[in-house]
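In what follows, residues are counted from 1 in the order of the sequence shown. Order of appearance sets the numbers: ligands from 1, and atoms from 1 within every ligand.
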Amino acid sequence: MGVIIKGGTAVTAEQSFKADVYCEDGRIAQVGLDLDTPTGAEVVDAGGQFVMPGGIDPHTHMQLPFMGTVASEDFYTGTAAGLAGGTTCIIDFVIPAPQTSLLSAFHQWREWAQKSVSDYAFHVAVTWWDDSVHQDMGTLVQEHGVNSFKHFMAYKGAIMADDEVLVNSFTRAWELGALPTVHAENGELVWQLQRKLMESGITGPEGHPQSRPPEVEGEAANRAIRIAQALKTPVYLVHVSAKESLGEVIRARNEGQRVFGEVLAGHLLVDDSVYLNTDFDTAAAHVMSPPFRPKGHQEALWRGLQSGNLQTTATDHCCFCADQKAMGKDDFTKIPNGTGGVENRMEVLWHAGVNTGKLTMNEFVRVTSTNAAQIFNMYPRKGSISVGADADLVIWDPEASKTISAKTHHQNVDYNIFEGMTVRGTASHTISQGKVVFKDGELFVERGAGRYIERPPFAPYFDAIAKVRDQNPPVFVER
Ligand code: DUC
Ligand code: ZN
Ligand code: ZN
């Protein structure tokens, strides 16, 4: 049975227009004015509301084993929470431990994700290097629909990728038509600053941002971008949180480099005063990396989004409850890093972005969905309202208000970094694979209904870069 959305205004990255949308067999079958209602179709009244492509959160960590524990939000609860906020697809991260097989880790994550209720895809982290990693990257791209690889420049002694790994992996990614992505923080600096702070008696959560100042991010962003420049590869910076790293992205883009930048909803809205809260649980609940930044950085990030220098918004959804955060009660370096937000990303961005005039509605769609689909090569299957696209849609009530709280959210975590924020504009309905899965505050999800989305290599911008490379080849790098 199909679903017909009647009387709404379709809003895409390009335009807004009055249209009904008919979904059948999981796809968008018709888009047009005053469509006939097919016999038996479920009718959703979207009068006075906007119909937009479902959100894509390109950066989540469901049930991630990390820092001696496992993230509390699993693929079932996490994708359900996403749907409750209008996010219909996530791109999560497979993170193999160093010296372990990328392929085995990929299969492990695929198994964990079987319970997802919305569609999902995977980036795979490169945490070490040898010939098997080179080979596994090829298998992942050519046989398993992975077209992006992640590099943590922080987390020394654990999953940190040093320059040797970065250079080898970026080189290999180019051959395969895959996009290298980086968590840009200088792991050595963080490591040494953490030791110094602990030795000086700063053991509480206030030490976390002190150990990861903006320069730490600016240095790593510059290094990753310059490595990509020398190798003539594209590069995507996850969670750009500071003026310093944003500046590197802008500089490189102005010089013609194909650099993409992501910003987290949290980094746009929360500042570092949260770490001064004398209640350990509250301060620790905000411990994530990169940390929330001093006032002033948020405005710069908004301008980054407005100018198009930052293209995507994400959450880095990685939840740990208070009992897990307590692992770092006497040592802030042991507080599991991570915060939630997959459920709230779209509404906080609408409220603080569209309602204030920082973003148009079309720009909102671009930065919450379409750009991620294009950069990670899922477009127009995802991120568009077009015949044949996946029927992943959100119906947005611009007048509905709600106050965000951990007491009422669907996320499996006991804290919400947007606690108490009243937003105007939220999802009234979410459609996933052509089914109404969220309606008026209630979820109607089916465990395991989410599908793994294969993403082909060689996104369109690879052709453009190849032309540049032909005129000016990169420095040859011997593996
Ligand atoms: N940062 C976090 O805060 N959590 C997970 C991984 C990361 O890079
Ligand atoms: Zn990160
Ligand atoms: Zn992350």
* Asked: Considering the options His151, Glu164, Lys150, His134, which one meets the side chain to side chain donor-acceptor pair (under 3.5 Å) requirement together with Ser169?
  ->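 Exactly one candidate clears the test, His151.
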* To do: Would you confirm whether the ring centroid of Phe292 sits within less than 6.0 angstrom of the ring centroid of His297?
  =>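 No: the rings miss the under 6.0 Å criterion.
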The protein heavy atom nearest to atom 3 (O) of ligand 1 is Ser289 N, 2.9 Å
When distances are taken from atom 4 (N) of ligand 1, the protein heavy atom at minimum range is Asn337 O, 2.9 Å
Honestly, for His183 the part within reach of ligand 1 (heavy atoms, under 4.0 Å) is side chain
Worksheet item: Side chain, backbone, both or neither: which part of Thr339 comes within less than 4.0 Å of ligand 1 when only heavy atoms are counted?
Response: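 Neither part.
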Would Lys334 count as a cation-pi partner of Phe332, with NZ or CZ less than 6.0 Å from the six-membered ring centre and within 45° of the ring normal?
no
At a 4.0 Å threshold, what atoms of ligand 1 neighbour a non-hydrogen atom of [X]?
X: Phe152; answer: 8 (O)
X: Met288; answer: 3 (O)
X: Cys318; answer: 4 (N), 5 (C)

What I want to find out is whether Lys295 reaches Asp272 closely enough, with some N-O distance under 4.0 Å, to be called a salt bridge. no
Would you call Asp271 and Arg293 a salt bridge, taking side-chain N to carboxylate O under 4.0 Å as the test? no
### Message
Strictly under 2.8 Å, is the Zn ion (ligand 3) approached by any N, O or S atom of His239?
### Response
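So His239 does not bind the Zn ion (ligand 3) by this criterion.
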Practice prompt. Return yes if a side-chain donor-acceptor contact under 3.5 Å exists between Asn416 and Asn344, otherwise no.
Written response: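 Yes - a donor-acceptor pair under 3.5 Å links their side chains.
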| Donor on one side chain, acceptor on other, Arg345 and Thr368, under 3.5 Å | no
- Message: Out of the candidates Phe170, Phe149, Phe376, only one should pair with Tyr236 under the ring pair (Phe, Tyr, Trp, His ring centres under 6.0 Å) rule; please name it.
- Response: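 Result for ring pair (Phe, Tyr, Trp, His ring centres under 6.0 Å) with Tyr236: Phe376.
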Here the N/O/S atom of His183 closest to the Zn ion (ligand 2) would be ND1
request  = Between Tyr155, Phe320, Phe93, Phe66, flag the one that comes closest to atom 7 (C) of ligand 1 by a heavy atom.
outcome  =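 Residue with the shortest heavy-atom distance to the ligand atom: Tyr155.
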The N/O/S atom of Asp316 lying closest to the Zn ion (ligand 3) is OD1
